[in-house]
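Beneath this line is the structure, given in C-alpha cells, with notes to follow.
Counting starts at 1 for both ligands and their atoms, following the listed order.
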Amino acid sequence: MKKIIVFAFIFIFLFATACGEDAAEEYTSYANAMDTSAKITVYGKDSKAVAEECAELFKSLEGEFSATDANSKLYTLNTNGNIEAEGHLYALCGFANELSTLTDGAYNPCIYPLVKLWGFTADEFKVPTQEEIDENVKLVADSKMVFKDGGIYIENGGMVDLGGIAKGYASEMMRSLISGSDSTGAVISLGGNIVTVGEKSDGTPWSIGINSPKNDGGLIGTLSVGECAVVTSGSYIRNFEKDGKFYHHIIDPKTGMPVDNGLVSVTVVADDAALADGLSTAFFVMGIEESLTVAESLDVDVVFVTENSISISSGLKEKFTLSKSAEDEYDLIFL
Ligand code: AMP
Ligand code: MG
C-alpha cells in the first residue's frame, strides 16, 4: 500500500512538472507603444522572460523615437536642433540617412514638418494651403541630419520623423534578444510589421497574412516564409477624407502631398526588419518600377497592391497564396 502511495505521488509530481514545462513552452506578451498594439509570441525555454523583456524594450524605445512625447530623445533633438550621439537614437538616425541615400530621397527622415502640416502627428487632420505646402517642401529639402562633434545635428531648421522605420528597428532589436535566448522560435507582430524568428516546432514554414486594404481584418493572401521580416505600408492605415477627397500619411517629399500613384499598400520581405520597414515606406513613394530596381539590388522581395491588382516580385512566386476572397477583386501579376 505504501508503495502505491509513493508511486502515486511520483506520478502526480512528474505529471505536474510536465504540465508546467508545457505551459512554459509558449508565451505571448503584449505592449502598447508607437501607436501600435504589439503581440510577441515566443516558443521554447524561458519564453515568458524573453517575451516580457521584448515588450518592455518596445515601450522603452518609444521613449527614444516618439516625435510627440516631450520627454523623448527625438523630441529633444527636434526642439534643440541637436542631441548627444549615442544609443538607439544614434543607430536609427544613422540608418535613416543611409536609407535616404539608397532610395534617392523618397525616404526622407526630415519629413516631420510636412507630416505635421497635414496633421498626421496628432490626428488633427487638415488640408494645407499650397503656399504652406511649398514652404514646407523647401524646408524638408533643405534640412539634413549630420553627425559631428559627438552629436546629432539637424541643419537648416528641419525636424526628424522616424515613424517610417522605428517599429522595424524595434522588432529587429527584439529579434536579437530572442535569438540570444534559449527559445526555439517567435513571431513578433507590431501592426503591419511582422518578424519571424527561428523555426516552428513542426518544421513547417511560418504563414504570414497580408492585410486587405479594403476589408478590415481580412487578408489578400498569405506568405509562407522562414526567418525574416514582412512589413507593410498602406494608405489605409492612417488617412482622412475632406470634401470627397482621400488623404493619407505617406508623403512625397518632392510635392509635399500624400502619394498618389495608384498604390494602396506595399509589403517588403527582407532579412532585416528596419530595412523592410524603411523600404516599404520608400517604395510606396517610388512606385512599382523604380522600387523594383532598388529591391533587386538589395535582394529583397515586394508585394505591391493597387485598387485591383497584386504584383509580386519573383522571389515570392512560390511563397504567396492569394486569398479566396481576393480572387475576384484583384488581378495577380508576377513581376
Ligand atoms: P510606414 O507605416 O512605416 O510606412 O510609415 C509611415 C510614417 O512614416 C508616416 O506616418 C510618417 O510619420 C512617416 N513618413 C511619411 N512619409 C515619409 C517619407 N516620405 N519619408 C520618411 N518618412 C515618412
Ligand atoms: Mg515603414
Side-chain angles (χ1 to χ4, degrees), residues 34-36 62 65-69 72 74-75 78 92-93 95-125 133 136-137 139-141 143-145 158-172 189-195 210-211 213 229-240 247-261 263-270 272-287 290-291 294-295 300 302-305:
M34 301 189 192
D35 275 334
T36 303
E62 183 176 42
F65 304 146
S66 169
T68 50
D69 173 1
S72 83
L74 179 61
Y75 195 91
N78 280 338
L92 192 55
C93 286
F95 174 67
N97 271 354
E98 272 176 45
L99 193 66
S100 181
T101 309
L102 271 176
T103 61
D104 202 15
Y107 176 87
N108 186 328
C110 296
I111 196 93
Y112 192 66
L114 280 166
V115 175
K116 197 166 178 232
L117 183 67
W118 284 91
F120 285 112
T121 48
D123 284 355
E124 288 164 358
F125 310 124
I133 292 172
N136 283 279
V137 164
L139 175 62
V140 169
S143 318
K144 66 175 179 210
M145 249 193 308
M159 284 193 276
V160 170
D161 177 351
L162 298 170
I165 51 175
K167 281 186 277 173
Y169 178 88
S171 49
E172 196 54 44
S189 170
L190 311 181
N193 282 242
I194 313 278
V195 172
I210 300 180
N211 287 333
V230 180
V231 181
T232 300
S233 287
S235 54
Y236 64 94
I237 291 169
R238 184 170 292 180
N239 54 59
F240 67 96
Y247 302 96
H248 65 88
H249 69 144
I250 303 176
I251 310 287
D252 185 339
K254 286 194 187 125
T255 62
M257 297 290 293
V259 175
D260 184 14
N261 58 10
L263 286 170
V264 292
S265 86
V266 176
T267 299
V268 174
V269 183
D272 183 274
L275 181 68
D277 193 357
L279 288 179
S280 68
T281 310
F283 288 174
F284 199 105
V285 178
M286 292 158 75
E290 212 186 311
S291 301
V294 176
V300 303
V302 199
V303 178
F304 299 100
V305 181

Are Pro109 and Asn97 side-chain neighbours, meaning at least one heavy-atom pair lies under 4.5 Å?
yes
Given the options Ile250, Val285, Val259, Ser233 meets side-chain contact (heavy atoms from CB on, under 4.5 Å) only with Ile250
May I ask you to check whether over 12 heavy atoms, not counting those of Asp104, lie within 6.0 Å of atom CG?
no
Minimum heavy-atom separation for Ile165 and Ala96, please, with both atom names.
CD1-CB, 3.7 Å
Do Trp118 and Tyr247 have side-chain heavy atoms sitting under 4.5 Å apart?
yes
Suppose you place the vertex at the Mg ion (ligand 2); what is the angle out to Asp277 O and Thr281 OG1, to 10°?
90°
Taking N, O or S atoms only and a limit of 2.8 Å, check whether Asn193 reaches the Mg ion (ligand 2).
no
Asp260 atom CG, neighbour heavy-atom count above 12 within 6.0 Å
no
Less than 3.5 Å apart, N/O on ligand 1 and N/O on the protein: could you list those pairs with the distances?
| unit_1 | atom_1 | unit_2 | atom_2 | d |
| --- | --- | --- | --- | --- |
| ligand 1 | 3 (O) | Gly164 | O | 3.4 |
| ligand 1 | 3 (O) | Asp277 | OD1 | 3.0 |
| ligand 1 | 3 (O) | Thr281 | OG1 | 3.0 |
| ligand 1 | 4 (O) | Ser233 | OG | 2.6 |
| ligand 1 | 4 (O) | Thr281 | OG1 | 2.7 |
| ligand 1 | 8 (O) | Gly164 | N | 3.3 |
| ligand 1 | 10 (O) | His249 | ND1 | 3.0 |
| ligand 1 | 12 (O) | Asp161 | OD1 | 3.3 |
| ligand 1 | 12 (O) | Asp161 | OD2 | 2.6 |
| ligand 1 | 16 (N) | Ile251 | N | 3.1 |
| ligand 1 | 19 (N) | Ala106 | O | 3.0 |
| ligand 1 | 19 (N) | Ile251 | O | 2.8 |
| ligand 1 | 20 (N) | Asn108 | N | 3.0 |

Can you tell me if Gly164 has an N, O or S atom under 2.8 Å away from the Mg ion (ligand 2)?
yes
Heavy atoms, side chains only, cut-off 4.5 Å: are Phe284 and His248 in contact?
yes
